[in-house]
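Shown next, in structure tokens, is the structure this report addresses.
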Number of protein chains: 2
Amino acid sequence: MILSKSCEYAIRASVFVAMKSKEHNRVGIGEVSEAIGSPRAFTAKILQTLVRKNILSSAKGPSGGFYLENADSLYLIDIVSATDGNGLFVSCVLGLRACSETQPCPVHARVKPIRDQLLTEFSNKPISDFVADLEKGKYHLK
Amino acid sequence: MILSKSCEYAIRASVFVAMKSKEHNRVGIGEVSEAIGSPRAFTAKILQTLVRKNILSSAKGPSGGFYLENADSLYLIDIVSATDGNGLFVSCVLGLRACSETQPCPVHARVKPIRDQLLTEFSNKPISDFVADLEKGKYHLK
DNA sequence: TTAATAGAGGACAAATTTGTCCTTTATTAT
DNA sequence: ATAATAAAGGACAAATTTGTCCTCTATTAA
């Protein structure tokens, strides 16, 4: 498992919210959790923190819900770093405090280009692209 | 964090044990945990499971300890899969049960080559190589 | 202005990971 | 044989992650 459960839910939920935002603007937590197959209350917490970090938006009251205005400028990396931090890309694979270019752990140099690729992959496709592909039926969220 | 704490300790401990095995054969858990800077009792548990899985060997009693006979045929992937399983390389990045080549999640295809690279990296250098480099002072384990 | 709606937030609970401590078992040397 | 040594193993504890439930607050529509 490469991302935390929270992060997995966060990504799937964000893509779904982005998709729904194109049409009738807002989507409730019930619809979200059902669509992505995640525990409702837990997902609510996660979306709550995404809103606090300005990744998603929300509105209370009737006809309220979650929405996303600019799916073109939101990237996977934003969601990943908001929920899991950047440890996946930078923290030492073997858990050494002092690991660095000058004082590397045994796998440091060999793994660096690989995690850089992952970082690039997470950074170069906006959520709107995922939505487009999802609508074409190329992908699943559950 | 890409590997579990247990796996980090397992790798560092195994490399250290492999290094010591070249000289005076066996090394006690105290020396291991001190050398790699890990909690002693917890590390003991971890080495215990590595022994059970035939990755390391051990001997009880005076002049006993942990050792490794064939560092040439032990690879990082053996330690990683023994402690963390193979989820890092195969389980869906977004946590979808049904994710597969034919029913992929939005990131499936793009991440696959990257995790394959990681798998290759973990598979192509025996622990003995790490020991050699470590003895040259190229690396650190703490 | 009131009732219904829906997210925000706090308290709590289960599960997993990480870690400690103490006893048992096997081995070695005296 | 016996004492010392060191891993094996079980029970327990702390910390973190994952998850639930209930109340509060804001908003909308009648």
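Every chain is numbered from 1, with letters handed out A, B, ... down the list of sequences.
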Verify the cluster assignment for [X] and [Y]: are they in a single hydrophobic cluster under the rule of side-chain heavy atoms below 4.5 Å apart?
X      : Y      : value
B:V111 : B:M1   : no
A:Y139 : A:Y75  : yes
B:Y67  : B:L141 : no

Take the protein atom [atom1] of [X] and the nucleotide atom [atom2] of [N], then report the distance between them rounded to whole Å.
X     : N      : atom1 : atom2 : value
B:I46 : C:dT20 : CD1   : C1'   : 13 Å
A:K5  : D:dT18 : NZ    : P     : 8 Å
A:R52 : C:dG7  : CZ    : P     : 15 Å
A:E8  : D:dT17 : CD    : P     : 14 Å
A:F42 : C:dT16 : CZ    : C1'   : 13 Å
A:Y67 : C:dG7  : OH    : C1'   : 12 Å
A:M1  : C:dT16 : CE    : C1'   : 11 Å
A:L56 : C:dA6  : CG    : P     : 18 Å

* Taking only side-chain nitrogens and oxygens of A:S58, does any of them come within less than 4.0 Å of OP1 or OP2 of C:dG7? -> no
* Side-chain N or O of A:S6 closer than 4.0 Å to phosphate OP1/OP2 of D:dT18 -> yes
* To do: Indicate the ring-plane relationship of B:Y9 and B:F42, choosing parallel, tilted or perpendicular according to the 30° and 60° boundaries.
  => perpendicular
* To do: Indicate the ring-plane relationship of A:F89 and A:F122, choosing parallel, tilted or perpendicular according to the 30° and 60° boundaries.
  => perpendicular
* Of residues 28-37 of chain B, the positions that come close to DNA chain D - non-hydrogen atoms, cut-off under 4.0 Å -> B:G28, B:I29
* To do: Check B:V17 against B:L56 and note the closest heavy-atom contact, atom names and distance.
  => CG1-CD2, 4.2 Å
* Of the non-hydrogen atoms in A:I55 and A:L68, which two are nearest, and what is the gap between them? -> O-CD1, 3.3 Å
* Closest nucleotide among C:dA8, C:dT18, D:dT20 to the A:P39 side chain -> D:dT20
* Taking 4.0 angstrom as the limit, do A:E135 and A:K22 come out as a salt bridge? -> yes
* Cation-aromatic face contact A:K125/A:F130, 6.0 Å, 45 degrees -> yes
* Asked: When every nucleotide of nucleotides 22-30 of chain C is labelled 5' to 3' by its protein contacts under 4.0 Å (heavy atoms), B for base, S for sugar-phosphate only, - for none, what sequence of letters results?
  -> ---BBBB--
* Structure fact -> Between the NZ atom in B:K142 and the NE2 atom in B:H140, the distance rounded to the nearest 0.5 Å is 10.5 Å
* Side chain of B:R115, backbone of B:S91: donor and acceptor closer than 3.5 Å? -> yes
* Would you say the side chain of B:L118 lies within less than 4.5 Å of the side chain of A:L118, judging by non-hydrogen atoms? -> no
* Asked: Checking all strands, does B:Y9 fall into the base, sugar-phosphate, or nothing category for heavy-atom contacts under 4.0 angstrom?
  -> sugar-phosphate
Show me the protein contacts with nucleotides 11-15 of chain D, counting only N or O atoms at under 3.5 Å.
none

